[in-house]
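Note sheet for the following structure.
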Number of protein chains: 2
Amino acid sequence: MATRARNTDRREDALSRDRIVAAAVELLDAAGEGGLTFRALSARLRTGPGAIYWHVANKGELLGAATDAVLAGTLLPGAPGQTPEQAIREIALGLFDAIDEHAWVGGQMSRVASQSATLRIFERIGRQVQALGVPDEGQFHAASAVLNYILGVAGQNAANARTQAPGTNRTDVLGAESAIWERLDPAEYPFIHTVAGQLRDHDDREQFLAGIDLILKGIASRP
Amino acid sequence: MATRARNTDRREDALSRDRIVAAAVELLDAAGEGGLTFRALSARLRTGPGAIYWHVANKGELLGAATDAVLAGTLLPGAPGQTPEQAIREIALGLFDAIDEHAWVGGQMSRVASQSATLRIFERIGRQVQALGVPDEGQFHAASAVLNYILGVAGQNAANARTQAPGTNRTDVLGAESAIWERLDPAEYPFIHTVAGQLRDHDDREQFLAGIDLILKGIASRP
DNA sequence: ACCTGAACACCGTTCAAGT
DNA sequence: ACCTGAACACCGTTCAAGT
């Protein structure tokens, strides 16, 4: 029999939860939500579909882990001299950019509210809300308003990505089909018709931040 | 050959898009998102799966139509003497109640942003934003902040419903597992730990409305 | 302990055939 | 024009068997 090193004799390409999750993220990025399949995943990892189940309980857990992996990368330390408002904007923008890059994440965030990454995001937002001087009873309301707004935008972006070809990059806060909006009957949809022009060449990031600022103003203007 | 009446000779139980959508809603209500199947649906309608495709293009369209059908019922005329704030609260609460009753709707709303019901909701919100006297350039931002917040809460509710047994009725704005929250390490999650108590016996509707009011205050407090 | 891959139960969707 | 239901291609998941 061959002598074997005592410490590192695992195969270099051995399967692991991390490798599986990383491959899942790649698959999701490349082909969208429909692209993540145990068959496609096992083919990419050069193994059988059953092998994955040794490391991951089921597809739901895999999607949650993939979402968590992407979101975890968005939580930067946070610059030292920031105001709470700036910090919240930074957290929100970090999420926005991650969702912009991995559109499928937006559709998964709300399905995993108790998952670690979302919990950490909520914690971060909450601390800044405390730093803003919001009284105790209002802190939960304020922090969840911010988070729910972010989740809403995230879901929209994922929905838009679904309707477009996977791989294409287009992010938008609301439907984004200004072409459709402009064609709506102005008598039935006067508001949307008026506003359709603003939609045509608006910046999604700015639009997103404007909503955050609106909520921040609401938080600040309590009696 | 038998004589046939000229006008009404269609079978009473003839298939129609409306009947299909209504049955889909019932199935979704009873068994959750996983319960809607072309086989289950066709069994309930006493026909073959292929028959449904004569009236509906595919499952995505069916889900969209079911969502639209539920949402359409939430758009009441609106009381005459209302302030714009009251009108927005009423629209939001109507949606909240619909989503509370049909949890799966929350997960579908963002996938169909350009669908008729969501468009009408956005239109309604937008008109109230105009009535609030928001200047033109700010109207789109303000209305989509409100809608995105609602969509975020809706998605959360749907996610919570998914984790619980289908049929059970429990709605919550954020994870709602205060039991889990209280068990989190207070050193790592000081904010969530502090706030977990407030979560235990809070009213979901009130919590939801508090977020709406926060955004309304933000809209009102522009310089 | 970890991996393999055939097999199972179930999907959405199509389509030739019927009325 | 509308319905029927078998058939197709594809899932997620399991599990006996291997190393």
Side-chain angles (χ1 to χ4, degrees), chain A residues 1-2 4-21 23-24 27-28 30-67 104 107-108 111 162-163 166, chain B residues 1-24 27-28 30-67 104 107-108 111 162-163 166:
Chain A
M1 292 143 202
R4 315 201 285 135
R6 203 136 316 120
N7 39 5
T8 17
D9 71 320
R10 44 193 115 185
R11 295 159 52 203
E12 192 178 322
D13 64 336
L15 226 46
S16 70
R17 195 183 153 94
D18 283 351
R19 275 193 67 225
I20 290 170
V21 170
L27 229 43
L28 286 161
E33 288 172 54
L36 181 60
T37 288
F38 277 83
R39 269 162 253 259
L41 191 57
S42 61
R44 176 179 276 252
L45 293 167
R46 287 170 210 292
T47 180
I52 296 168
Y53 282 89
W54 184 261
H55 300 275
V56 159
N58 52 42
K59 191 170 184 179
E61 194 190 294
L62 181 57
L63 271 168
T67 306
W104 52 272
Q108 299 303 318
R111 86 151 42 202
R162 258 190 295 263
T163 41
Chain B
M1 293 145 208
T3 1
R4 315 201 286 134
R6 193 91 30 81
N7 39 2
T8 16
D9 71 318
R10 44 193 114 186
R11 296 157 54 202
E12 192 178 322
D13 63 337
L15 227 44
S16 69
R17 196 184 153 92
D18 283 351
R19 275 192 68 225
I20 291 170
V21 170
L27 229 41
L28 286 161
E33 290 173 51
L36 181 60
T37 288
F38 277 84
R39 268 160 253 259
L41 191 57
S42 60
R44 176 180 276 252
L45 293 166
R46 287 168 210 293
T47 179
I52 295 168
Y53 283 89
W54 183 263
H55 301 272
V56 159
N58 52 40
K59 191 170 182 179
E61 194 190 293
L62 181 56
L63 271 168
T67 306
W104 53 274
Q108 299 302 319
R111 87 152 41 203
R162 259 190 294 263
T163 41

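Note that these values count all heavy atoms, side chains included, but never hydrogens, waters or copies made by symmetry. So that the names make sense, note that chain A is the first sequence line, chain B the second, and so on, each numbered from 1.
- Distance B:W54 CH2 to C:dT19 C1': 13 Å, rounded to the nearest Å.
- In this structure, the separation between CD1 on A:I20 and CG on A:L15 is 4.0 Å, given to the nearest 0.5 Å.
- Applying the ring pair (Phe, Tyr, Trp, His ring centres under 6.0 Å) definition to pairs two or more places apart or across chains, those involving residues 41-60 of chain B are B:F38-B:Y53.
- Residues passing the side-chain contact (heavy atoms from CB on, under 4.5 Å) test with B:E61, sequence neighbours excluded: B:R17, B:V56, B:A57, B:N58.
- Between B:L41 atom CG and D:dC3 atom C1' there is a gap of 15 Å when expressed in whole angstrom units.
- Under a 3.5 Å cut-off, the side chain of A:R39 and the backbone N or O of A:P49 do not form any donor-acceptor pair.
- For the pair A:I52 CD1 and D:dC15 P, the computed distance is 18 Å after rounding to whole Å.
- At distances below 3.5 Å, not a single donor-acceptor pair connects side-chain atoms of B:T37 with backbone N or O atoms of B:A40.
- Separating the CG atom of B:L15 from the P atom of D:dC3 is a distance of 5 Å, rounded to the nearest angstrom.
- Take B:R44 and apply the salt bridge (Lys or Arg N to Asp or Glu O under 4.0 Å) test, not counting sequence neighbours, and it matches B:E26.
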Dot-bracket assigned to DNA chain C with the 3.5 Å Watson-Crick/G-U criterion, [ ] for crossing and | for other-strand pairs, is ||.|||||...|||||.||

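- Nearest heavy-atom pair across B:G35 and B:L27 is O-CG, 3.6 Å.
- Residues A:L36 and A:K59 come closest through the heavy atom pair O-NZ, 2.8 Å.
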Short N/O separations, protein against nucleotides 9-13 of chain D, under 3.5 angstrom:
residue, atom, partner, partner atom, Å
D:dG12, OP1, A:K59, NZ, 2.5
D:dG12, OP2, A:F38, N, 3.0
D:dG12, N7, A:R39, NH2, 2.5
D:dG12, O6, A:R39, NH2, 2.6
D:dT13, OP2, A:Y53, OH, 2.9
D:dT13, OP2, A:K59, N, 2.9
D:dT13, O5', A:Y53, OH, 3.1

